[in-house]
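This report concerns only the one structure given below.
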Number of protein chains: 2
Amino acid sequence: MTASGRRSTDVTLRNPSAEEALSTVEDGVAAGALVTLFGRCTVDYDGRAASQLGPGDRHVMLKPDGTILVHTDEGQKPVNWQPPGCTHEPSLTDAGDLRVRSVRSSPDEELVVTFERVDQVSAFDLTDGHDLAVEGTEEDLRQRILADPSLVEDGFTPLATERETPAGAVDIYGEDAAGRTVVVELKRRRVGPDAVGQLDRYVGALERSLHADASVRGLLIAPSVTQRAERLLEKKGLEFVALSPP
Amino acid sequence: MTASGRRSTDVTLRNPSAEEALSTVEDGVAAGALVTLFGRCTVDYDGRAASQLGPGDRHVMLKPDGTILVHTDEGQKPVNWQPPGCTHEPSLTDAGDLRVRSVRSSPDEELVVTFERVDQVSAFDLTDGHDLAVEGTEEDLRQRILADPSLVEDGFTPLATERETPAGAVDIYGEDAAGRTVVVELKRRRVGPDAVGQLDRYVGALERSLHADASVRGLLIAPSVTQRAERLLEKKGLEFVALSPP
DNA sequence: CAATGGATATCGGGC
DNA sequence: GCCCGATGTCCATTG
């Protein structure tokens with residue numbers, strides 16, 4: 001029932017018996033392959049939270065790094081999952097059905113997928129030599145500003161990035177044309193009240209940290225702000241500059 | 001090269017030609033099936049941000065709701081994706097390779113996956129009649145408190161949930177044994193400074209909203225707090241009660 | 001449509 | 001390991 005693949009370890013079985021599916025999953029996990037299953041299954045999760053999922057047709061993916069993902073036909077997020085670090089433990093239930101139990105510690109968690117029917121099981125050895133290159137991140141926005149500080153305002157001089165304060169690290173720390181300290185918080189997209197609170201914490205921490213009488217300007221830089229965030233900025237005496245990642 | 005499946009629309013091809021793979025993807029997408037591919041591909045994304053990914057062996061999933069996911073052998077998150085709402089457009093490149101382009105508007109985005117080799121293509125019709133039942137959420141914590149308000153403190157009386165303020169909706173709004181207004185912010189897990197800032201915004205908004213002289217107590221309820229959050233609570237004059245979801 | 005905040009968020013960096 | 005903040009976050013809910 002196997003078909004020849006690019007690698008000897010690559011396997012696909014259609015409508016396998018539970019025993020055949022078990023062997024394929026066991027071998028694939030042992031070989032460090034990415035294993036996928038189509039079939040009708042139930043899913044039970046217990047850990048940080050707990051959940052139960054009744055029988056349905058789903059797609060299950062086991063990664064060699066310990067990730068497990070259960071996908072239905074809808075949504076970007078898996079309906080159930082475990083992050084990397086799990087141990088995949090395939091077995092047969094008392095009823096003779098395929099079961100995959102993925103467990104980890106700290107936190108103690110387990111995900112159990114029990115198949116009443118397996119339509120397909122595959123195991124492929126994936127190697128990926130390339131890293132993803134993303135543009136348009138907050139880091140890109142920072143580089144844009146450091147390359148041309150006048151984008152913030154005329155006379156702005158960056159002095160440090162990721163400068164530590166008791167409240168956390170400030171994105172860009174600098175001073176304005178008048179020599180006043182400026183704290184800049186960057187966001188790659190439109191921001192709400194949370195970002196204003198974050199900036200306010202940094203400004204407060206720096207004012208206490210520098211001198212009792214120090215006046216620190218807080219600047220939020222983002223493509224735009226929500227109305228509630230705008231009111232909060234005003235209330236807190238903070239400023240906003242509209243700027244997007246390159 | 002097809003194998004018989006549970007449904008006539010279910011298909012799997014091993015090492016298909018680009019033309020065979022194209023037909024399978026086209027038919028699967030048209031039939032509302034969940035389509036998966038194993039193969040060596042490049043991925044290009046352009047939209048809210050932009051990214052490029054060089055050639056590598058990956059797993060690609062196309063869902064009938066317009067979702068596309070590209071997974072490598074590592075990590076829980078797909079290396080590239082599009083959320084539901086896309087249109088999947090399979091085609092052949094000038095070089096005769098399989099290409100899948102998934103596009104949507106608002107925001108204008110596209111993800112292009114180009115295969116130099118397809119090891120497997122599958123199409124399965126998934127139907128999932130069951131909903132996920134999760135326990136241990138913030139909502140469960142709220143129910144626990146409403147069922148026994150003394151868990152917050154003796155004499156606490158909940159008056160409303162999701163009560164609106166100019167700063168947003170308060171999780172639980174009530175009063176203490178002395179008749180003072182109490183704002184409760186719930187978190188299902190250990191919290192950092194952001195949750196304190198959120199609670200502080202609600203307290204401030206209510207104080208302004210009620211009277212000029214109104215004194216409002218702010219209570220953060222969570223399993224635990226970080227040290228920085230604890231200091232911020234103290235600085236803001238807010239309180240903490242340790243409590244976990246049931 | 002925007003806005004707001006939760007999530008079993010995940011992920012990476014720093015300590 | 002905890003802590004903290006970014007994320008192309010996704011997602012449901014509400015206006």
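For the numbers below, each heavy atom of this structure counts, side chains included, while hydrogens, waters and symmetry mates do not. Letters A, B, ... are given to chains in the order of the sequence lines, protein chains preceding strands, and every chain is numbered from 1.
Nucleotides of DNA chain D lying under 4.0 Å from heavy atoms of chain B occupy a range whose first and last members, 5' to 3', are D/dC3 to D/dC11.
Among the atoms of the strands shown, none is found under 4.0 Å from any heavy atom of B/R142. Contact annotation for A/A167: backbone-only contact, meaning every heavy-atom pair under 4.0 Å involves sugar-phosphate atoms and none involves a base.
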For residues 75-86 of chain A, run the donor-acceptor check on the side chains, cut-off 3.5 Å, and write out each pair with its distance to 0.1 Å, sequence neighbours left out.
from  : atom 1 : to     : atom 2 : distance (Å)
A/N80 : ND2    : A/S51  : OG     : 3.2
A/Q82 : OE1    : A/R104 : NE     : 3.2
A/Q82 : NE2    : A/E109 : OE1    : 3.4

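By the salt bridge (Lys or Arg N to Asp or Glu O under 4.0 Å) test, B/K235 pairs with no residue at all, sequence neighbours left out. With sequence neighbours excluded, the residues that form a side-chain contact (heavy atoms from CB on, under 4.5 Å) with A/A222 are A/K187, A/V191, A/F240. By the side-chain contact (heavy atoms from CB on, under 4.5 Å) test, B/D57 pairs with A/R6, A/R7, A/L126, A/T127, B/R40, B/R117, sequence neighbours left out. Looking at residues two or more places apart in sequence or on another chain, you find a ring-ring contact (aromatic ring centres under 6.0 Å, His included) between B/F38 and A/F124, B/H59. Qualifying side-chain contact (heavy atoms from CB on, under 4.5 Å) partners for A/R189, counting only residues two or more places apart in sequence or in other chains: none. Residues meeting the side-chain contact (heavy atoms from CB on, under 4.5 Å) test with B/E234, sequence neighbours left out: none.
Comparing the same atom, C1', in D/dG5 and in D/dT9 gives a spacing of 13 Å after rounding to whole Å. Atom name P, nucleotides C/dA7 and D/dT7: the rounded distance is 22 Å, in whole Å. To the nearest whole angstrom, the two P atoms, one in D/dC11 and one in C/dC11, are 15 Å apart.
Annotation: salt bridge (Lys or Arg N to Asp or Glu O under 4.0 Å) contacts involving residues 81-91 of chain B, sequence neighbours excluded, comprise B/E89-B/R101. Pairs passing the salt bridge (Lys or Arg N to Asp or Glu O under 4.0 Å) check and including a residue from residues 158-175 of chain B, sequence neighbours excluded, read B/R142-B/E162.
For DNA chain D, the neighbouring residues in residues 219-232 of chain B, judged by any heavy atom under 4.0 Å, are B/T226, B/R228.
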note = Under a 4.0 Å heavy-atom criterion, the protein footprint on nucleotides 6-15 of chain C, written with B, S and -, is SSBSSS----
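Checking A/K63 against B/H71 by side-chain atom types alone, a donor-acceptor pair falls below 3.5 Å.
In summary, A/R217 and A/E207 do not engage in a salt bridge, as defined by a charged side-chain N under 4.0 Å from a carboxylate O.
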